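Here's the structure, in structure tokens; my notes come after.
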Amino acid sequence: MENNIKVIIVDDHKLFREVMMVVFSNSKDIEVVGEATNGNDFLDMIDTVKVNVVLMDIMMPGMNGVEAIEAALKKQPELKIIVLSMLSDKEYYDRLVSSGISGYILKDSGKEELFRAIRSVVKGEQYFSPKLIHKLISKKQGPVSEVATQNKTFVRMNMMEQSILKMICLGKTNAEISKDLSISQRTLENYKSIMINKVGVKDSLGLVIYAVKNRLVDIR
């Protein structure tokens, strides 16, 4: 158990926390080490409990999830926090991303996506649910005919880049993409760096937004 990923669940709904405990009881590498019903209790807990990943709801009584995340990351900047919420409102999303969260998935996601998100952020990656990105962009705009980049020009990608982009949008980890495409992780990182420069974004999340905006992949 010592090498397990240690998780804290922060949610004011007891039934949800109990369901999550059952979900994690079937995992061989993820262990729940604490539960909190609001932001204040959570902040007290991280001072005494060793944790790798926090699963945080947004809407809670007292100190809400947004405030708790900002306060926690000031105390422990290296803490990995994944927002787990039914909300896909852009106002919350922008503020949370700016605060430094490691991931954001919706509560109607399956357990496999949840496990994938946790394992990804522990490795230093970010994980943002493709379904979430699609909802956010669908709210902002209708059909897009051309790529929205810094240069306002269409960006062409070769077959390998297109395959990598699709897998990133499906939420696959670097290890999974490398295995599926039979390339090393170093080669994968080189491809991603080239793609990020081509599109004119900052990171893999920007690539996902680019792909959804331009209807390059169907992740609904």
Side-chain angles (χ1 to χ4, degrees), residues 1-37 41-58 65 68-69 72-73 75-86 96-97 99-133 164 166-189 192 203-205 208 219:
M1 299 288 283
E2 183 63 29
N3 293 325
N4 278 4
I5 299 169
K6 294 175 173 55
V7 172
I8 289 178
I9 301 169
V10 188
D11 194 290
D12 61 320
H13 291 97
K14 182 178 180 181
L15 179 59
F16 177 77
R17 298 196 311 273
E18 290 177 347
V19 169
M20 294 297 288
M21 292 294 290
V22 173
V23 169
F24 288 120
S25 69
N26 297 318
S27 171
K28 296 180 180 179
D29 63 336
I30 301 173
E31 173 190 6
V32 177
V33 295
E35 302 175 52
T37 60
D41 290 346
F42 160 67
L43 290 175
D44 291 339
M45 186 177 296
I46 60 172
D47 287 333
T48 57
V49 177
K50 183 178 180 181
V51 59
N52 303 115
V53 179
V54 177
L55 300 178
M56 178 76 70
D57 190 20
I58 294 178
I69 287 168
L73 290 175
K75 294 175 68 174
Q76 297 186 25
E78 75 286 353
L79 193 61
K80 308 298 184 184
I81 300 180
I82 299 173
V83 172
L84 185 58
S85 176
M86 288 303 298
L96 289 164
V97 170
S99 72
I101 60 171
S102 297
Y104 194 138
I105 66 176
L106 301 179
K107 280 187 174 178
D108 60 358
S109 303
K111 70 175 183 179
E112 292 306 319
E113 181 173 9
L114 176 61
F115 288 174
R116 183 183 299 117
I118 292 172
R119 291 165 183 150
S120 295
V121 302
V122 167
K123 294 176 182 176
E125 301 175 14
Q126 291 182 315
Y127 189 96
F128 291 82
S129 170
K131 186 186 295 186
L132 167 70
I133 300 298
I164 291 171
K166 181 176 181 179
M167 290 184 181
I168 292 173
C169 290
L170 291 173
K172 293 202 172 189
T173 65
N174 285 349
E176 291 171 331
I177 297 173
S178 297
K179 181 178 179 181
D180 289 347
L181 296 178
S182 300
I183 58 176
S184 69
Q185 291 198 37
R186 173 175 289 185
T187 299
L188 172 60
E189 288 297 338
K192 287 170 66 176
D203 50 27
S204 295
L205 177 58
V208 174
I219 56 176

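Here the structure is a predicted model, which is why all the values come from computation and not from measurement. Quick note: numbers below take in every heavy atom, side chains included, and nothing from hydrogens, waters or symmetry partners.
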_Arg17 to Asp12 - nearest heavy-atom pair and separation_ = NH1-C, 3.7 Å
*Please tell me if the side chains of Ile30 and Val53 come closer than 4.5 Å, counting only heavy atoms from C-beta onward.*
no
_Smallest separation among heavy atoms of Ala117 and Ile105, with atom names_ = CB-CG2, 4.2 Å
_Glu35 side chain to Met21 backbone, donor-acceptor under 3.5 Å_ = no
*asked:* Side chains of Ile118 and Leu55, heavy atoms from C-beta outward: is any pair under 4.5 Å?
replied: yes
*Work out which heavy atom in Ser27 is nearest to a heavy atom in Phe115; give both atom names and the distance.*
CB-CZ, 4.0 Å
*Are any non-hydrogen side-chain atoms of Asp29 and Arg119 less than 4.5 angstrom apart?*
yes
_Step-by-step side chain to side chain contact (heavy atoms under 4.5 Å, CB included) determination, Asp57 to Phe16_ = CA-CA 11 Å; Asp57 190 20; Phe16 177 77; over 6 Å; no
*Pairwise salt bridge (charged side-chain N to carboxylate O under 4.0 Å, His left out) hits with a residue in residues 176-188, at least two apart*: Arg116-Glu176, Lys172-Asp180
*Please name all residues satisfying side-chain contact (heavy atoms from CB on, under 4.5 Å) with Met45, sequence neighbours left out, ordered by chain then number.*
Ile8, Ala36, Val49
*Answer yes if the side chains of Glu125 and Thr173 hold a donor-acceptor pair under 3.5 Å, and no otherwise.*
no
_Step-by-step side chain to side chain contact (heavy atoms under 4.5 Å, CB included) determination, Ile58 to Leu96_ = CA-CA 10 Å; Ile58 294 178; Leu96 289 164; 3.8 Å; yes
*Side chains of Lys192 and Ile168: closer than 4.5 Å at any heavy-atom pair?*
yes
*asked:* Could you tell me if the side chain of Thr187 sits less than 4.5 Å from the side chain of Leu181, heavy atoms only?
replied: no
*Determine the minimum heavy-atom distance between Glu113 and Ser129, stating which atoms define it.*
OE2-OG, 3.1 Å
_Contacts of Lys28 that satisfy salt bridge (Lys or Arg N to Asp or Glu O under 4.0 Å) - sequence neighbours left out_ = none
